[in-house]
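The figures that follow rest on heavy atoms only: side chains count, while hydrogens, waters and symmetry mates do not. Reminder, nothing fancy here: chain letters follow the sequence lines and each chain counts from 1.
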Amino acid sequence: MVTPTAPHVYLQDIAGWDGKDVTLKGWLYNKRSSGKIRFVIVRDGTGLIQCVGSINDIGDEGLAAVDSLTQESSVIVEGTVKAEPRAPGGFELVLKKVVPVHVALGEFPISPKEHGTAFLMDNRHLWLRSKRQVAIMRIRHSIVKAIRDFFDERGFTLFDPPIFTNAACEGTSTLFETDYFGEPAYLSQSGQLYGECGAMALGKIYTFGPTFRAEKSKTRRHLTEFWMIEPEVAYAEMWDAAALAEDMICFVVRRVLDTRREELTAIERDPAILEKIQKPFPRICYTDAIEVLKKSGHEINWGDDIGGDEETTISNQYDRPVFLHHFPADLKAFYMKRDPNDPKLALGFDLLAPEGKGEVIGGGQREDDYDTLVARIQEHGLKVEDFEWFLDLRKYGTVPHAGFGLGLERTVAWLCGLPHVRETIPFPRMISRLKP
RNA sequence: UCCGGAGUAGCUCAGCGGUAGAGCGGGUGGCUGUUAACCACUAGGUCGGGGGUUCGAAUCCCUCCUCCGGAGCCA
């Protein structure tokens with residue numbers, strides 16, 4: 001490899017180098033030619049640029065070097081940055097030197113034409129190099145960073161729960177079972193119970209890690225492995241947790257709008273829709289929601305679960321997320337506290353994203369009374385001895401506490417305007433997708 | 001698990017009883033300003049597997065497999 005003489009620059013910084021000589025290190029995205037001139041589009045992971053190679057500048061040898069490169073061959077180029085209004089991005093590189101690093105061993109499977117989703121998912125490891133996927137990954141990164149900044153700035157401590165667990169958190173969902181030195185162990189489907197321990201130790205914490213659901217769900221909203229953020233706050237009640245969720249969402253949306261305009265444009269997401277995500281979010285209780293749904297023609301009765309279509313009907317009434325709260329206790333997990341004014345109801349809430357994107361947050365206040373919680377565990381057919389450590393939180397200085405869980409991939413899908421969560425994570429795990 | 005839909009060239013698809021097709025991608029050649037460049041030529045197929053009907057099946061029937069969308073369940 002020839003040592004470059006001009007400084008190595010990333011394309012995201014190219015605007016500061018107009019008129020100067022630079023070295024770019026990247027991959028060939030596409031190329032065109034006309035007689036003794038070559039047009040080479042190079043990407044370096046931070047952007048794309050068209051490089052122009054004329055026989056007058058790079059000679060027959062340079063042209064041959066360009067011609068040897070195929071799509072996604074790696075290459076180091078040197079040249080002069082030139083402002084060019086016709087070029088996407090506003091700049092071109094006038095080539096002086098072309099150094100192939102590795103000529104791809106075969107035809108790159110993903111051509112710059114249309115492909116089906118199944119094919120692209122089979123080639124996910126290569127699909128990630130495309131402009132659109134790069135933009136989504138950057139937005140995902142910024143959402144993660146914003147969430148962490150939000151909690152860190154408010155004095156929360158990151159508290160990592162285990163992934164191997166000995167029992168179900170919520171009894172209902174299906175768990176992935178593994179062999180743990182001869183004993184069955186399950187991949188965590190929620191860090192919440194452990195988060196509650198953290199809240200009692202540290203006051204306010206958040207967990208942030210992968211969770212696993214072995215449900216055979218085949219929808220655009222489901223992954224078997226997904227990332228969840230679960231804050232838990234001691235001495236907090238249901239509406240405190242809802243207000244926290246509201247502040248967090250607004251903080252994250254603001255951050256994406258402030259730092260990822262370019263990426264939103266790349267994926268054709270209209271920022272005006274996100275600008276509307278402002279406090280306060282509407283709050284509608286389950287009982288009222290049922291009435292709204294009946295009037296909209298849904299066949300639903302009090303006590304029924306609110307399904308995907310029903311969620312869309314409700315969220316379509318607003319241009320921002322909406323809280324659904326006070327569900328029938330029977331629909332919710334054993335650890336959820338009941339409403340003292342109406343024990344049929346649970347002190348829980350869901351946050352429904354607009355545009356039919358569905359539930360992105362579920363949360364509420366936890367049952368904090370020892371005897372009541374023991375009874376709930378038994379009612380749900382769970383073994384009390386599996387939860388002794390969890391019950392200890394109610395034995396030693398129990399306090400009201402509340403929290404919520406945010407599904408990261410659903411949030412990314414919503415903010416990016418994607419119809420399916422599979423593009424929001426580098427390597428999605430779904431019922432029929434374990435590879436790559 | 002249930003209900004729909006789809007499997008034909010590397011990719012996206014057309015063909016739906018009578019010789020296997022197109023566009024893109026690949027290869028070769030041409031062109032000094034191309035923008036998913038263009039022009040010419042070219043290679044490339046067990047029509048998802050198995051069974052059946054028929055003189056003849058990619059096409060009709062049965063069966064299995066795989067994938068996609070939705071329901072249930074959930075974030």
- Which comes earlier along RNA chain B counting from the 5' end, the contact point of A:Ile306 or that of A:Arg38, where each point is its nearest nucleotide?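 Nearest nucleotide further toward 5': that of A:Arg38.
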With RNA chain B as reference, determine whether A:Arg422 or A:Phe108 sits nearer its 5' end, using the nearest nucleotide of each.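 Looking at RNA chain B, the more 5' nearest nucleotide goes with A:Phe108.
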Would you classify [X] as touching base, sugar-phosphate or nothing, given that sugar-phosphate means primed atoms plus P, OP1 and OP2, and contacts are heavy atoms under 4.0 Å?
X: A:Arg221; answer: base
X: A:Ser432; answer: sugar-phosphate
X: A:Ile361; answer: sugar-phosphate
X: A:Gln71; answer: nothing
X: A:Leu223; answer: base

Return the nearest nucleotide to the side chain of [X]; candidates are [options].
X: A:Ser217; options: B:A75, B:U32, B:G72; answer: B:G72
X: A:Ile37; options: B:G33, B:G70, B:A75; answer: B:G33
X: A:Phe226; options: B:A75, B:G72, B:G33; answer: B:A75
X: A:Asn56; options: B:G72, B:G69, B:U32; answer: B:U32
X: A:Arg410; options: B:A75, B:A71, B:U1; answer: B:A75
X: A:Glu92; options: B:C68, B:C74, B:G33; answer: B:G33
X: A:Met228; options: B:A75, B:C74, B:G33; answer: B:A75
X: A:Glu215; options: B:G70, B:C74, B:G27; answer: B:C74

Can you sort out the partners of A:Arg138 under side chain to side chain donor-acceptor pair (under 3.5 Å), two or more places apart, ordered by chain and number?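 Once residues adjacent in sequence are excluded, A:Arg138 has no partner under the side chain to side chain donor-acceptor pair (under 3.5 Å) criterion.
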| request: Check side chain to side chain donor-acceptor pair (under 3.5 Å) between A:Lys279 and all other residues, then give those that pass, not counting sequence neighbours. | output: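 If we apply the side chain to side chain donor-acceptor pair (under 3.5 Å) test to A:Lys279, skipping adjacent residues, the hits are A:Asp247.
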Separation between the [atom1] atoms of [N] and [M], rounded to whole Å:
N: B:G4; M: B:C61; atom1: P; value: 16 Å
N: B:C16; M: B:U8; atom1: C1'; value: 12 Å
N: B:G72; M: B:U1; atom1: C1'; value: 9 Å
N: B:C73; M: B:U54; atom1: C1'; value: 49 Å
N: B:U19; M: B:A58; atom1: C1'; value: 14 Å
N: B:C39; M: B:U63; atom1: P; value: 48 Å
N: B:C62; M: B:C24; atom1: C1'; value: 37 Å

State which residues pass salt bridge (charged side-chain N to carboxylate O under 4.0 Å, His left out) with A:Arg255; sequence neighbours excluded, sorted by chain then number.
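Result, salt bridge (charged side-chain N to carboxylate O under 4.0 Å, His left out) vs A:Arg255: A:Asp149.
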I'd like a table of atom pairs between the protein and nucleotides 8-15 of chain B - only N or O on both sides, under 3.5 Å - with the distance next to each one.
| unit_1 | atom_1 | unit_2 | atom_2 | d |
| --- | --- | --- | --- | --- |
| B:C11 | O2' | A:Glu114 | O | 3.2 |
| B:C11 | O2' | A:His115 | ND1 | 2.5 |
| B:U12 | OP1 | A:Gly116 | N | 3.0 |
| B:U12 | O2' | A:Glu114 | OE2 | 2.9 |

Donor-acceptor contacts under 3.5 Å from residues 429-436 of chain A side chains, at least two apart:
| unit_1 | atom_1 | unit_2 | atom_2 | d |
| --- | --- | --- | --- | --- |
| A:Arg429 | NH1 | A:Pro436 | O | 3.2 |
| A:Arg429 | NH2 | A:Leu434 | O | 3.4 |
| A:Arg429 | NH2 | A:Pro436 | O | 3.3 |
| A:Arg433 | NH1 | A:Asp122 | OD1 | 2.7 |
| A:Arg433 | NH1 | A:Lys435 | O | 3.1 |
| A:Arg433 | NH2 | A:Asp122 | OD1 | 3.3 |

Could you check whether any side-chain N or O of A:Gln365 sits under 3.5 Å from a backbone N or O of A:Met238, counting only pairs where one atom can act as donor and the other as acceptor?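 Yes; judged by distance alone, with no hydrogens or angles, the pair exists.
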Report task. Using modelled atom types only, decide if a donor and an acceptor are shared between the side chain of A:Asp18 and the backbone of A:Ala15 within a distance under 3.5 Å. Result ->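 Not at all, since once roles are kept as given, no pair shorter than 3.5 Å links the two residues.
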Return the set of residues passing side-chain contact (heavy atoms from CB on, under 4.5 Å) with A:Asp57 (not counting sequence neighbours), or none when no residue passes.
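Testing A:Asp57 for side-chain contact (heavy atoms from CB on, under 4.5 Å), a comparison that skips the adjacent residues, returns A:Ser54, A:Val94.
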- Message: If you go through the side-chain atoms of A:Arg433, does one of them form a donor-acceptor pair with the base of B:C67 closer than 3.5 Å?
- Response: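 Donor-acceptor pair under 3.5 Å: no.
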Base of B:C31 paired with side chain of A:Ser33 (donor-acceptor, under 3.5 Å)
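Per atom types, the contact qualifies.
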**Item:** A:Phe251: ring-ring contact (aromatic ring centres under 6.0 Å, His included) partners, not counting sequence neighbours
**Value:**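 With sequence neighbours excluded, A:Phe251 shows a ring-ring contact (aromatic ring centres under 6.0 Å, His included) to A:Phe150, given in chain and number order.
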*asked:* Under the ring-ring contact (aromatic ring centres under 6.0 Å, His included) definition, can you give me all pairs with a residue in residues 67-116 of chain A, not counting sequence neighbours?
replied: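 Counting only pairs at least two positions apart or across chains, the ring-ring contact (aromatic ring centres under 6.0 Å, His included) contacts touching residues 67-116 of chain A are A:His115-A:Phe119.
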* Only pairs at least two apart or in different chains count here, so list each ring-ring contact (aromatic ring centres under 6.0 Å, His included) that has a residue in residues 288-317 of chain A. =>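 The answer is A:Tyr286-A:Trp302.
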Given A:Arg410, A:Arg269, A:Arg320, the one that forms salt bridge (charged side-chain N to carboxylate O under 4.0 Å, His left out) with A:Glu355:
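Answer after filtering A:Arg410, A:Arg269, A:Arg320: A:Arg269.
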task = Could you verify whether a donor N or O on one side chain and an acceptor N or O on the other, from A:Glu423 and A:Gln133, lie under 3.5 Å apart?
result =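 Present: a donor and an acceptor within the cut-off.
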Please table the atom pairs, donor to acceptor, closer than 3.5 Å between any side-chain atom in residues 34-42 of chain A and protein atoms at least two apart or in another chain.
| unit_1 | atom_1 | unit_2 | atom_2 | d |
| --- | --- | --- | --- | --- |
| A:Arg38 | NE | A:Asp67 | OD1 | 2.7 |
| A:Arg38 | NH1 | A:Gly35 | O | 2.7 |
| A:Arg38 | NH2 | A:Asp67 | OD2 | 3.0 |

Has A:His420 got a side-chain N or O lying under 4.0 Å from the OP1 or OP2 atom of B:C68?
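For B:C68, OP1/OP2 do not have a side-chain N/O of A:His420 under 4.0 Å.
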For RNA chain B, the expected dot-bracket line (Watson-Crick or G-U under 3.5 Å, [ ] crossing, | inter-strand) is ((((((((.[[[[.)..(..]]]].(((((.......))))).....[[[[[..)....]]]]])))))))....
Taking RNA chain B as the partner, which of residues 343-360 of chain A come within under 4.0 angstrom of it by heavy atom?
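Within this stretch, A:Glu359, A:Val360 sit under 4.0 Å of the strand.
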